[in-house]
Protein chains: 2
Amino acid sequence: MTDVATEKPRRGRPPVSDEQRQRQRLDLSRHAVRLFAEQGVAATSGEQIAHAAGVSERTFWRYFPHKESCVEPLLTKMVDAFCAVVRAWPRELELIDHLREAYSPLLDAASDEDIEAVLAVVRLTHGEQALRAAYLMLRERAEDALAEVLAERAGLPQDTIEVRVQAAAMSAVLKVATDDVARAAAGGVTRDTLEGHREQIAAALRGLSRML
Amino acid sequence: MTDVATEKPRRGRPPVSDEQRQRQRLDLSRHAVRLFAEQGVAATSGEQIAHAAGVSERTFWRYFPHKESCVEPLLTKMVDAFCAVVRAWPRELELIDHLREAYSPLLDAASDEDIEAVLAVVRLTHGEQALRAAYLMLRERAEDALAEVLAERAGLPQDTIEVRVQAAAMSAVLKVATDDVARAAAGGVTRDTLEGHREQIAAALRGLSRML
DNA sequence: TCTTTATTGGCACCAACTGCCATTAAGCGC
DNA sequence: GCGCTTAATGGCAGTTGGTGCCAATAAAGA
């Protein structure tokens, strides 16, 4: 019984697909972020976000446990993208070189709107403490994904001090660079700003190694 | 008018001293943490904490903006201690060596109770998301202090990418090590556990430099 | 003592969530 | 098309974190 792919004599309405659910969350997220930027987090009520997205307040609260977690879907997009790049990092290449190769196609794939939205959120997380907290929590979750990749590369278990420190440091580098590029892109994003991001990361890595 | 030390023809009840206020906060903090550990954060109400510390709920909310920020005073103690050590880091010494020298007296100075309480909080921040968020926010504030020290050492402005990355990485190292030692000290703290902390940090720094 | 200012406590109030139940939507066999 | 079954939604009441406001008290100096 109850096998991996447990038997499915499905009847009745099927549960909505996972991607569908994510899409809904992302949509709510976009509306929320727009309102946050316009009026501030405190002045934006759950009801307002819900109705802006055309759903009842009750279902809004079913999609998000707190108001601030509305930023999560958008930010996850960014973090996931970075994790994917790191995951594809070939063993024989320097990280910086890999970034140079893998980063541009990734930027082309994403819609300009979403990039702008993500950077707007990052900018919002300064000044809006509640959002900053959500951002930091998310980053820490991403750190685990990073640790997984690094562990595999080093052939070490994931909960080694060494692996976790490297993941944490790398995550910190990305955070600083991201904050910086978000600030730089305050008034309109250009291709240069984004290419600059890669160079920021490269510079940051150099600064790190100089520390010893 | 309104000079640096502005004229003080004080009348009426003088405002309570700053350290007095901190003491009050710290007291509330201890009660809060005890209750959090016993029953969980969600099950502990502001009213409960307030009355445990012998003040009205209203004044409790005047000391803390949110329930979770109750952990702040205790955690600040730890972070401040580390910052002090870093601030006293002489230019000609390796960081690891400085830690070896400066760490022990610091541990002797702190009361065992407080050390235990701080580690208990850190342990709580796993599993209690709200507390984790508060913890991360606090760490980021500490990162700025760290950046200040590092900037002065390097003779660079504080908002340089290089300085901020180093501060972030160092903070990350401390975070991983702290989490680890808190976990290790789950059932009673010994002097060894704490000395171990220093060695954790040392090992973490080595792991970091190996990353390049 | 009286005056002045700081802190406290009590109460009403709002907004963030949650539980519960009726309603609607989406599949499937007929 | 029509039921049957299960998932998602919406509405409503209720709880709880947290704030604004005002009266009461505490701590000084005159």
Side-chain angles (χ1 to χ4, degrees), chain A residues 6-29 31-33 35-36 39-72 128-131 133-134 137, chain B residues 6-29 31-33 35-36 39-72 128-131 133-134 137:
Chain A
T6 185
E7 70 219 77
K8 297 213 175 187
R10 303 262 33 217
R11 305 192 328 166
R13 174 182 185 170
V16 69
S17 75
D18 219 36
E19 46 195 320
Q20 187 83 4
R21 194 152 208 292
Q22 303 291 27
R23 238 195 303 282
Q24 177 72 292
R25 268 173 70 89
L26 192 57
D27 186 48
L28 281 163
S29 181
H31 284 283
V33 166
L35 290 169
F36 287 168
Q39 350 168 330
V41 176
T44 307
S45 69
E47 193 190 7
Q48 220 176 338
I49 304 173
H51 287 133
V55 345
S56 82
E57 188 183 351
R58 188 60 186 87
T59 64
F60 168 74
W61 289 121
R62 268 195 268 263
Y63 276 90
F64 294 101
H66 328 287
K67 202 166 54 167
E68 321 87 49
S69 35
C70 284
V71 298
E72 201 186 286
E128 294 276 7
Q129 301 218 347
L131 297 192
M137 292 286 283
Chain B
T6 184
E7 71 220 76
K8 296 211 176 188
R10 301 264 30 217
R11 305 194 325 168
R13 174 181 186 170
V16 68
S17 74
D18 219 37
E19 48 195 319
Q20 187 83 5
R21 193 153 208 291
Q22 302 291 27
R23 237 195 305 282
Q24 177 72 291
R25 268 174 69 88
L26 191 58
D27 186 50
L28 281 162
S29 181
H31 283 283
V33 167
L35 290 169
F36 287 168
Q39 349 167 330
V41 176
T44 307
S45 69
E47 194 190 5
Q48 220 176 337
I49 304 173
H51 287 135
V55 314
S56 83
E57 188 184 351
R58 189 61 187 87
T59 64
F60 168 74
W61 290 121
R62 267 195 269 263
Y63 276 91
F64 294 100
H66 327 287
K67 203 165 53 167
E68 320 87 48
S69 34
C70 286
V71 297
E72 200 185 286
E128 294 275 6
Q129 300 219 341
L131 297 192
M137 291 286 283

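The sequence lines fix the lettering, A, B, ..., with proteins before strands; numbering per chain opens at 1.
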Between atom [atom1] of [X] and atom [atom2] of [Y], what is the distance when rounded to the nearest 0.5 Å?
{"X": "B:Thr59", "Y": "B:Arg62", "atom1": "OG1", "atom2": "CZ", "result": "6.5 Å"}
{"X": "A:Gln24", "Y": "A:Gln22", "atom1": "CD", "atom2": "CD", "result": "11.0 Å"}
{"X": "B:Phe60", "Y": "B:Ile49", "atom1": "CZ", "atom2": "CD1", "result": "4.0 Å"}
{"X": "A:Ser45", "Y": "A:Glu47", "atom1": "OG", "atom2": "CD", "result": "5.0 Å"}

Any B:Ser56 side-chain nitrogen or oxygen under 4.0 Å from OP1 or OP2 of C:dT8: no
Counting only side-chain N and O atoms of B:Tyr63, is one of them less than 4.0 Å from OP1 or OP2 of C:dT7?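 For C:dT7, OP1/OP2 do not have a side-chain N/O of B:Tyr63 under 4.0 Å.
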Range on DNA chain D touched by chain A, heavy atoms, distance below 4.0 Å: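 Contacts span D:dT5 to D:dC12, reading 5' to 3'.
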State which residues pass side chain to side chain contact (heavy atoms under 4.5 Å, CB included) with B:Ala130; sequence neighbours excluded, sorted by chain then number.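 Only B:Glu68 meet the side chain to side chain contact (heavy atoms under 4.5 Å, CB included) criterion with B:Ala130.
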Which heavy atom in A:Ala32 sits nearest to a heavy atom in A:Cys70, and how many Å separate them? CB-CB, 3.6 Å
Protein-nucleotide distance ([X], atom [atom1]; [N], atom [atom2]), rounded to Å:
{"X": "A:Leu35", "N": "C:dA15", "atom1": "CG", "atom2": "P", "answer": "16 Å"}
{"X": "A:Lys67", "N": "C:dC14", "atom1": "NZ", "atom2": "P", "answer": "16 Å"}
{"X": "B:Gln24", "N": "C:dG9", "atom1": "CD", "atom2": "C1'", "answer": "14 Å"}
{"X": "A:Glu47", "N": "C:dA15", "atom1": "CD", "atom2": "P", "answer": "9 Å"}

With A:Thr44 via side chain to side chain donor-acceptor pair (under 3.5 Å) - residues at least two apart: A:Gln39
Counterpart residues, side chain to side chain donor-acceptor pair (under 3.5 Å), relative to A:Glu57 (two or more places apart):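 For A:Glu57, the residues satisfying side chain to side chain donor-acceptor pair (under 3.5 Å) (neighbours in sequence not counted) are A:Trp61.
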Indicate, with a heavy-atom threshold strictly under 4.0 Å, whether A:Thr44 touches base, sugar-phosphate, or nothing. sugar-phosphate
With side chain to side chain contact (heavy atoms under 4.5 Å, CB included) as the test, would you mind laying out the steps for A:Met137 and A:Glu72 before giving the verdict? CA-CA 10 Å; A:Met137 292 286 283; A:Glu72 201 186 286; over 6 Å; no
Taking the nucleotide of DNA chain D with the closest heavy atom to each, which residue, B:Gly46 or B:Arg13, is nearer the 5' end? B:Gly46
Sub-3.5 Å donor-acceptor pair from the side chain of B:Arg25 to the main-chain atoms of B:Tyr63, do we have one?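 Yes: the side chain of B:Arg25 pairs with the backbone of B:Tyr63.
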Neighbours of DNA chain C within residues 15-23 of chain B, by heavy-atom distance under 4.0 Å: B:Pro15, B:Val16
Among B:Glu128, B:Lys67, B:His31, exactly one meets side chain to side chain contact (heavy atoms under 4.5 Å, CB included) together with B:Phe36. Which residue is that? B:Lys67
Just the table, please: protein N/O against nucleotides 18-23 of chain C N/O, every pair under 3.5 Å.
residue : atom : partner : partner atom : Å
C:dG19  : N7   : A:Arg58 : NH2          : 3.0
C:dG19  : O6   : A:Arg58 : NE           : 2.5

